[in-house]
Enquirer: 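Got a structure for you, questions after.
This is a predicted model, so every value here is computed, not measured. Letters A, B, ... mirror the listed sequences (proteins, then strands); counts begin at 1.
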Amino acid sequence: MNDNNENSIREDSFNEPSASLNFLEEIIEEDIKNGKNGGRVHTRFPPEPNGYLHIGHAKSICLNFGLAQKYNGLTNLRFDDTNPTKEDEEYVDAIKEDIKWLGFSWDDREYYASDYFDQLYQWAEKLILDGKAYVDDQSAEEISRQRGTITTPGIESPYRNRSVEENLGLFRRMRAGEFPDGYCVLRAKINMSHPNMLMRDPIMYRIIHTAHHRTGDKWCIYPMYDYAHGQSDYIEGITHSICTLEFEIHRPLYDWFLDQIVTTEYRPKQIEFARLNLTYTIMSKRKLLQLVKDGYVKGWDDPRMPTICGLRRRGYTPTSIRNFAEKIGVARRDNVIDVSLLEFSLREDLNKIAQRRLAVLNPLQLIIENFPEDKTEFLPAANNPEDTKAGIRKIPFSRQLWIERDDFMINPPKKYYRLYPGSEVRLKYGYIIKCHRYETDPQTGEVKTIYCTYDPESKTGGATANRKIKGTIHWVSKKHAIQAEIRLYDRLFIKPDPEDVAEGESFINYLNPNSLKIINAWCEPALMEATPAEHYQFERIGYFYLDPDSRPGYPVFNRTVSLKDSWSKMSQNEE
RNA sequence: UGUCCGAUGGUGUAAUGGCAGCACAGGAGAUUUUGGUUCUCUUAGUCUAGGUUCGAAUCCUGGUCGGACAACCA
């Protein structure tokens with residue numbers, strides 16, 4: 001497949017079995033080696049359908065599906081829908097779409113915690129029968145007060161030692177709907193002075209008279225997360241239940257509930273990893289919701305949002321996100337990933353696949369004085385220099401062009417090799433031109449028009465085509481250009497850690513006022529046929545992606561990410 | 001104040017008692033009809049104090065710093 005010797009050697013050493021494992025892979029390989037759960041690997045991705053998925057979830061998705069793929073296992077999609085007051089069908093569909101778009105499949109294994117309400121209820125009765133659970137009639141406030149604090153033990157509920165019969169009767173009446181919301185709860189009887197507060201007789205069921213998006217009015221009691229999650233894992237045959245670090249403290253409870261019901265050799269195991277944090281980004285669902293609700297962004301899929309749908313609309317590719325997840329690795333220490341690593345993964349993919357086009361975002365008129373008035377030439381241009389199979393297109397060229405305002409200076413600094421009086425540049429895919437003079441607006445002093453001549457032999461394939469010219473600039477033919485709306489996005493926050501708030505401020509104070517700038521651009525005609533099936537690179541500018549707001553004859557493009565720009569960096573450092 | 005978890009260049013992540021490596025970011029250069037891409041070189045790291053050991057990022061002890069935990073949320 002590859003007869004380059006050096007390359008195949010490198011490949012081989014890369015695939016050596018000694019390649020290092022992350023801590024999750026180590027645990028899994030150890031479990032497989034020990035024949036745990038019959039050597040099976042079965043993971044799950046368990047979103048709560050109460051919001052949209054973001055890049056942090058993408059890490060979890062890549063981990064869960066990736067690990068299963070690597071060890072020939074399976075991954076279930078399971079909606080953790082145990083709280084009907086917060087959850088909605090709307091989110092279910094969005095979540096499914098996002099996971100599919102990322103490139104993962106749960107086949108037919110789409111489950112809901114609510115599928116297990118009957119089984120969960122049966123097990124709850126068993127716990128009551130075993131004297132391990134009781135109905136508590138106290139108010140939420142009272143229960144909370146009795147729970148003690150982090151440093152002081154709690155005290156036992158006066159209802160803690162009700163008889164099994166009384167508990168069973170009460171629990172059945174809870175289920176039957178005889179009590180209003182909050183009248184009583186079912187609690188596990190564990191230890192009110194446990195140093196881990198979650199073990200101080202945690203609540204298993206509460207009364208909520210609200211219709212559920214799947215079970216409708218069948219239930220008016222709903223299980224809490226801790227009581228539902230491990231049991232759901234057990235029902236589904238999950239082997240490795242991977243979650244984020246904040247659930248670490250829940251693990252003893254996860255294990256306690258399993259202890260009460262597991263009768264088999266098989267048993268799922270919870271393992272925690274550190275969630276993703278990104279510089280200049282917030283990941284909290286609550287805060288993202290606030291951005292949407294209060295109109296700081298235009299919706300969950302606003303291209304500035306770190307949501308999967310936002311990134312998709314912005315022009316991110318699934319490949320770039322998967323590669324990113326691979327690069328950041330996984331561990332148990334808190335981390336903040338530099339957003340430039342995400343952008344690197346994005347450019348890396350886009351560079352390979354993006355269709356090149358010419359567009360002028362900030363136009364300046366250029367006239368080629370020795371080019372005939374009425375002549376149009378069609379110049380062949382490679383669609384993608386990284387991929388010859390992408391083919392070519394022809395770009396119209398004529399006497400009057402638009403060029404980028406940045407590509408001309410009256411008094412250029414050192415190392416500026418674009419256009420200035422007397423200089424020569426190459427027009428990309430076209431001719432070498434020389435600048436002779438320019439015209440300014442007498443009112444404003446702004447440059448209006450640049451006058452050049454072209455070297456007719458300097459076209460690709462021409463006699464002087466290979467002359468060394470330092471600068472190449474992009475252009476569009478004025479009379480053939482089409483207009484498009486361009487949305488220039490920048491980071492949403494001006495502070496690397498927007499959640500690190502000063503006294504009396506909130507993350508809202510750190511919003512970047514320039515996170516969106518809308519302009520009009522002149523584009524080569526081929527962009528009239530732009531489609532969301534393609535990603536585009538406007539040469540020398542950046543990557544762009546067609547927005548659904550586009551109208552017939554008027555495309556709208558989102559700037560996905562700019563090209564790396566070592567010139568602006570260099571000229572800034574000079575200052 | 002208690003319990004649990006964690007600590008390796010600026011940011012991530014390897015090294016599983018034996019040469020501290022890789023990626024991003026930063027810097028310098030080469031190539032280039034994109035100041036893009038690609039390529040080369042380069043700056044920079046084991047929280048701290050002790051102990052075990054021929055040998056410690058790794059094992060032990062103390063400290064320091066950071067995180068999690070007191071919803072009828074997940």
Side-chain angles (χ1 to χ4, degrees), chain A residues 19-22 26 46-48 50 80-83 85-87 113 136 139-140 143-145 147-154 181-187 194-198 200 202-208 222 224-226 228-229 243 245-252 272 274 279 285 327-345 347-348 351-352 356 358 381-382 385-386 415-418 425-430 432 458 460 465-474 496 537-542 562-571 573:
Chain A
S20 69
L21 303 174
N22 65 47
E26 273 178 21
E48 183 187 13
N50 71 340
D80 226 331
D81 56 352
T82 56
N83 187 349
T85 65
K86 295 197 170 173
E87 294 142 10
D136 195 334
S139 68
I143 289 174
S144 165
R145 208 170 311 126
R147 191 153 5 238
T149 71
I150 284 168
T151 50
T152 59
D181 284 8
Y183 184 81
C184 55
V185 291
L186 183 72
R187 290 228 255 171
H194 197 109
N196 181 342
M197 296 198 57
L198 286 169
R200 321 239 261 230
I203 290 165
M204 293 168 61
Y205 273 93
R206 73 288 214 199
I207 300 170
I208 304 175
Y222 291 91
M224 298 285 288
Y225 166 84
D226 287 298
H229 200 88
C243 62
L245 238 29
E246 66 265 29
F247 290 96
E248 184 173 24
I249 198 161
H250 294 246
R251 185 165 12 114
E272 312 86 18
T279 56
K285 263 190 202 175
K327 279 192 237 281
I328 60 177
V330 61
R332 280 175 63 84
R333 69 187 111 151
D334 293 330
N335 62 86
V336 185
I337 308 288
D338 197 325
V339 73
S340 64
L341 183 59
L342 179 62
E343 290 177 349
F344 171 83
S345 304
R347 291 191 182 106
E348 186 185 39
N351 176 52
K352 280 185 261 182
R356 312 294 134 127
L358 300 185
E386 306 291 322
K415 288 193 174 170
Y416 183 85
Y417 35 82
R418 304 179 191 175
V425 297
R426 177 181 297 279
L427 294 172
K428 182 82 184 178
Y429 306 121
I432 294 169
S458 63
T460 305
N466 294 328
R467 272 173 61 203
K468 283 282 177 230
I469 297 290
K470 196 69 176 159
T472 299
I473 66 172
H474 61 278
Q537 183 198 97
F538 295 176
E539 295 208 46
R540 302 210 307 137
I541 298 176
S562 63
L563 248 29
K564 277 211 312 198
D565 186 353
S566 52
W567 164 248
S568 75
K569 195 186 289 176
M570 182 168 74
S571 45
N573 290 346

Enquirer: Base, sugar-phosphate, or nothing for A/Pro46, non-hydrogen atoms under 4.0 angstrom?
Expert: nothing
Enquirer: For A/Arg332, answer base if it contacts any base atom (sugar-phosphate contacts may also be present), sugar-phosphate if it contacts only those atoms, and nothing otherwise; contact means non-hydrogen atoms under 4.0 Å.
Expert: sugar-phosphate
Enquirer: Below 3.5 Å is the cut-off: list the nitrogen or oxygen pairs between protein and nucleotides 38-45 of chain B, distance only.
Expert:
none

Enquirer: Is the glycosidic torsion of B/rA20 within 90° of 0, making it syn, or is it anti?
Expert: anti
Enquirer: With A/Arg426, which residues qualify under side-chain hydrogen bond (donor to acceptor under 3.5 Å, both in side chains), at least two apart?
Expert: none
Enquirer: Once each nucleotide of nucleotides 22-29 of chain B is scored for protein heavy atoms under 4.0 Å, what B/S/- sequence comes out, 5' to 3'?
Expert: --SSSS--
Enquirer: N/O contacts under 3.5 Å, protein versus nucleotides 56-58 of chain B?
Expert:
none

Enquirer: Once you apply a heavy-atom cut-off of 4.0 Å, does A/Tyr222 come out as touching a base, just sugar-phosphate, or nothing?
Expert: nothing
Enquirer: If you compare every side-chain N and O of A/Ser568 against the phosphate oxygens of B/rG35 (OP1, OP2), does one of them come in below 4.0 Å?
Expert: no
Enquirer: Where does RNA chain B pair, written as one dot-bracket string 5' to 3', with Watson-Crick or G-U pairs under 3.5 Å, ( ) inside the strand, [ ] for crossing pairs and | for another strand?
Expert: .((((((..((((....[..)))).(((((.......)))))....(((((..]....))))))))))).....
Enquirer: Please work out if A/Arg418 contacts a base, only the sugar-phosphate, or nothing of the nucleic acid, heavy-atom cut-off 4.0 Å.
Expert: base
Enquirer: Within the 4.0 Å heavy-atom criterion, would you say A/Ser345 contacts the bases, only the backbone, or no part of the nucleic acid?
Expert: nothing
Enquirer: Across the strands shown, which category fits A/Gln537 at heavy-atom distances under 4.0 angstrom: base, sugar-phosphate, nothing?
Expert: base
Enquirer: Set out, line by line, the N/O atom pairs under 3.5 Å between protein and nucleotides 66-73 of chain B.
Expert:
residue	atom	partner	partner atom	Å
B/rG67	O4'	A/Asp334	OD2	3.3
B/rG67	O2'	A/Asp334	OD2	3.3
B/rC72	OP2	A/Arg147	NH2	2.8
B/rC72	N4	A/Gln138	O	3.0
B/rC72	N4	A/Ala140	N	3.0
B/rC72	N4	A/Gly182	O	3.4
B/rC73	OP2	A/Arg206	NE	3.1
B/rC73	OP2	A/Arg206	NH2	2.8
B/rC73	O3'	A/Arg206	NH2	3.2
B/rC73	O2'	A/Asn83	ND2	3.4

